[in-house]
Amino acid sequence: MSDRPTHSSPTPELPSVRNTLRDTEALYTAITTATRGLTQSSLPLHPAQAHHPWPDFLVQALRRALLAWYADQGRVLPWRNIDDPYAIWVSEIMLQQTQVKTVLPYYQRWLAQFPTVETLAAADQQTILKAWEGLGYYARARNLHQAAQRMVSDHQGEVPRDFATLTTLPGIGKTTAGGILSSAFNLPHAILDGNVKRVLARLVALPVPPAKALKDLWQLSERLLDPVHPRDFNQALMDLGATLCTRRQPQCDRCPWQGHCQAYNRNSQSELPMSEAKGPLPHKQIGVAVIWGDRNQILIDRRKQEGLLGGLWEFPGGKIEPGETVEACIGREIQEELGIEVAVGDRLCTVTHAYSHFKVTLNVHHCTHLSGEPQPIECDEVRWVTLDTLDEFPFPKANSHIIDALRAYAAGQPTLDRGESVPPA
DNA sequence: CAGGCGTGGTG
DNA sequence: TCACCAAGCCT
């Protein structure tokens with residue numbers, strides 16, 4: 001439970017939410033009151049409230065201070081100081097909602113495997129998803145593939161250099177387009193990623209969650225952008241957010257903008273930016289089948305392109321209905337989705353996993369194929385495979401635990417359990 | 001336009 | 001432990 005101020009709609013039946021709302025109002029009142037009293041360092045509190053524009057001398061001072069800090073303290077990253085718009089584009093996509101440390105090994109492997117737009121466009125999707133396996137948000141990989149094909153067919157195999165064309169490509173929105181254009185071509189396009197939102201929200205002591213002030217934050221990012229050094233300025237702004245102006249324990253004593261930061265001036269940097277109050281994630285119980293066929297083969301299926309984990313392989317199964325046993329669920333789901341009869345046997349393992357918007361418990365059972373030819377009724381493809389060829393298929397993280405348990409089972413070892421199994425109905 | 005869409009790190 | 005968050009985009 002976070003103690004940070006949050007912004008939420010009134011929910012009368014929940015006292016904690018009422019308190020949260022009161023905190024929000026108190027903070028807003030404190031900030032606006034303090035701002036009215038300020039005569040110096042007169043940054044507008046909130047761009048939309050600011051009838052006066054940010055004066056040039058102030059903007060220039062901010063740019064100079066940030067660029068000087070960046071020249072000295074900026075990070076060294078493999079997608080910087082390179083002349084390869086394709087590689088920069090790949091890095092921008094991988095870095096969406098993903099930390100630098102996580103991206104680094106994927107980025108290096110990706111460029112070795114798909115060194116150019118043409119090689120990426122020509123690859124098949126399964127190969128691409130395998131290279132992306134474990135990175136999450138798999139639509140990014142599917143979109144990267146499609147965009148590469150369009151660059152080849154419509155743009156001479158090159159990354160487009162204008163904002164309008166770039167943003168028509170799948171997976172490239174406003175921030176990614178700005179990142180590519182500024183980083184690859186040093187063109188003056190602003191960005192507004194998580195780092196920049198946090199830095200700017202603190203700079204102006206934004207009294208609402210950034211999501212409620214996107215238009216204003218974009219205007220501010222555009223106003224501050226150095227038109228002469230857009231590449232360095234954007235990178236510097238992100239570095240500031242990633243290394244000093246972090247969400248927790250920001251190092252304000254080392255910040256080049258300390259003297260101009262409204263959050264620091266009020267000592268509210270640890271309270272900002274404000275976050276949206278979100279409820280607990282729903283938890284789903286899933287029955288999963290490891291279906292054994294002839295010659296020690298196992299049945300897996302490829303998920304549909306759209307939606308969760310699109311294009312990845314999995315062990316078939318589905319949601320346990322209220323009052324239903326795991327065994328009954330598995331038998332029903334396999335009949336509905338694959339059109340075959342199985343005998344549901346012993347439990348192999350139980351896996352809990354948290355996605356971005358819900359949690360699951362996978363109740364995995366051994367099954368024996370009885371009759372019928374598997375049909376791809378609610379998936380794109382089904383295939384019998386042996387245990388030692390599972391590596392060739394891209395699987396979601398939750399399924400890798402099942403594979404581990406399967407290998408341990410095949411090796412005659414005791415199985416590993418994670419989470420709680422469903423009580424019998 | 002709020003919610004769908006992964007995974008690993010963190011306090 | 002577990003809720004929250006990290007270089008967002010799409011519908």
Side-chain angles (χ1 to χ4, degrees), chain A residues 1-4 6 8-9 16 75 77 79-80 88-107 129 132-144 146-147 166-180 182-183 190-199 209-212 214-215 217-218 221 234-243 245-249 270 273-283 303-312 314 352-360 394-401 419:
Chain A
M1 180 64 181
S2 171
D3 58 353
R4 306 172 67 235
T6 56
S8 64
S9 302
S16 60
R75 291 175 294 180
L77 297 170
W79 42 85
R80 285 186 182 166
I88 290 170
W89 166 48
V90 169
S91 78
E92 291 286 340
I93 301 300
M94 286 188 172
L95 287 162
Q96 290 170 3
Q97 299 294 107
T98 309
Q99 298 191 15
V100 167
K101 187 170 64 174
T102 304
V103 165
L104 284 172
Y106 282 91
Y107 174 80
L129 286 175
W132 199 271
E133 184 181 41
L135 203 49
Y137 287 133
Y138 297 93
R140 292 184 294 173
R142 303 193 302 269
N143 288 335
L144 213 38
Q146 291 179 17
L166 217 38
T167 49
T168 65
L169 296 172
I172 300 180
K174 205 173 170 186
T175 281
T176 300
I180 293 170
S182 62
S183 188
I191 58 174
L192 190 63
D193 61 9
N195 285 315
V196 177
K197 284 174 189 167
R198 185 172 55 258
V199 169
K212 303 289 184 189
L214 290 184
K215 187 177 178 184
L217 290 171
W218 269 110
S221 181
N234 281 343
Q235 298 294 321
L237 206 46
M238 287 190 286
D239 275 16
L240 187 62
T243 64
C245 197
T246 50
R247 190 175 68 83
R248 285 174 296 217
Q249 297 176 341
S270 63
M274 302 179 66
S275 67
E276 301 270 9
K278 286 172 188 166
L281 300 179
H283 193 144
R303 295 175 61 91
K304 288 182 286 196
Q305 288 287 306
E306 306 78 28
L308 185 71
L309 307 168
L312 272 66
E314 65 176 4
T352 63
H353 187 79
Y355 293 100
S356 50
H357 54 300
F358 66 95
K359 298 178 185 176
V360 290
F395 280 92
K397 190 64 178 63
N399 277 254
S400 69
H401 292 131

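The chains referred to below are lettered A, B, ... by the order of the sequence lines, with proteins before strands, and numbering in each begins at 1.
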Remember a base hit wins even if backbone is also touched, and classify [X] as base, sugar-phosphate or nothing at under 4.0 Å, heavy atoms.
X: Ala354(A); result: base
X: Pro396(A); result: sugar-phosphate
X: Leu309(A); result: sugar-phosphate
X: Gly310(A); result: nothing

Worksheet entry | Residues which pass ring-ring contact (aromatic ring centres under 6.0 Å, His included) with Trp79(A), listed by chain and number, not counting sequence neighbours | Tyr107(A)

Worksheet entry | Upstream residue (5' side of DNA chain B) when Lys101(A) and Gly136(A) are each assigned their closest nucleotide | Gly136(A)

Just the rounded figure in Å: distance from [atom2] of [N] to [atom1] of [X].
X: Glu306(A); N: dT11(C); atom1: CD; atom2: C1'; answer: 13 Å
X: Leu281(A); N: dA3(C); atom1: CG; atom2: P; answer: 7 Å
X: Gln146(A); N: dC10(C); atom1: CD; atom2: P; answer: 11 Å
X: Arg140(A); N: dC10(C); atom1: CZ; atom2: C1'; answer: 14 Å

By side-chain contact (heavy atoms from CB on, under 4.5 Å), which residues pair with [X], not counting sequence neighbours?
X: Asn143(A); value: Ala139(A), Gln146(A), Pro170(A)
X: Ser400(A); value: Lys397(A)
X: Asn399(A); value: Glu314(A), Phe315(A), Phe395(A), Pro396(A), Ile402(A)
X: Thr98(A); value: Thr102(A), Val103(A), Leu135(A), Arg140(A)

Worksheet item: Taking atom P in both dG9(B) and dC5(B), what distance in whole Å separates the two?
Response: 24 Å

Item to complete: Take atom P in dG3(B) and the same atom in dA7(C), then report the distance between them in whole Å.
Response: 23 Å

Item to complete: For DNA chain B, note the earliest and the latest nucleotide, 5' to 3', having some atom under 4.0 Å of a heavy atom belonging to chain A.
Response: dG4(B) to dG11(B)

Discussion item. I'd like to check the side chain to side chain donor-acceptor pair (under 3.5 Å) partners of Thr168(A); sequence neighbours left out, ordered by chain and number.
Written reply: Arg150(A)

All N/O contacts under 3.5 Å from nucleotides 6-8 of chain C to the protein, with atom names and distances to one decimal?
residue, atom, partner, partner atom, Å
dA6(C), OP1, Arg198(A), NH1, 2.8
dA7(C), OP1, Asn195(A), OD1, 2.8
dA7(C), OP1, Asn195(A), ND2, 2.7
dA7(C), OP2, Asn195(A), OD1, 2.8
dA7(C), O5', Asn195(A), ND2, 3.3
dA7(C), O4', Asp193(A), OD2, 2.7
dA7(C), N6, Trp79(A), NE1, 2.8
dA7(C), N1, Arg75(A), NH2, 2.9
dG8(C), OP1, Gly194(A), N, 2.7
dG8(C), OP2, Gln97(A), N, 2.8
dG8(C), OP2, Gln97(A), OE1, 2.9
dG8(C), O5', Gln97(A), N, 3.4
dG8(C), O5', Gln97(A), OE1, 3.3
dG8(C), O3', Thr176(A), OG1, 3.4
dG8(C), N7, Gln97(A), OE1, 3.3

Discussion item. Before you tell me yes or no, could you show the steps for Gln96(A) and Tyr137(A) under side chain to side chain contact (heavy atoms under 4.5 Å, CB included), namely the whole-Å CA-CA distance, both residues' side-chain angles and the distance that decides it to 0.1 Å?
Written reply: CA-CA 9 Å; Gln96(A) 290 170 3; Tyr137(A) 287 133; over 6 Å; no

Worksheet entry | Close aromatic pair by centroid cut-off 6.0 Å: Tyr355(A) and His353(A) | yes

Item to complete: Determine which pairs satisfy salt bridge (charged side-chain N to carboxylate O under 4.0 Å, His left out) with at least one residue from residues 88-102 of chain A, sequence neighbours left out, and list them in order.
Response: none

Discussion item. Any side-chain N or O of Lys359(A) below 4.0 angstrom from OP1/OP2 of dC2(C)?
Written reply: no

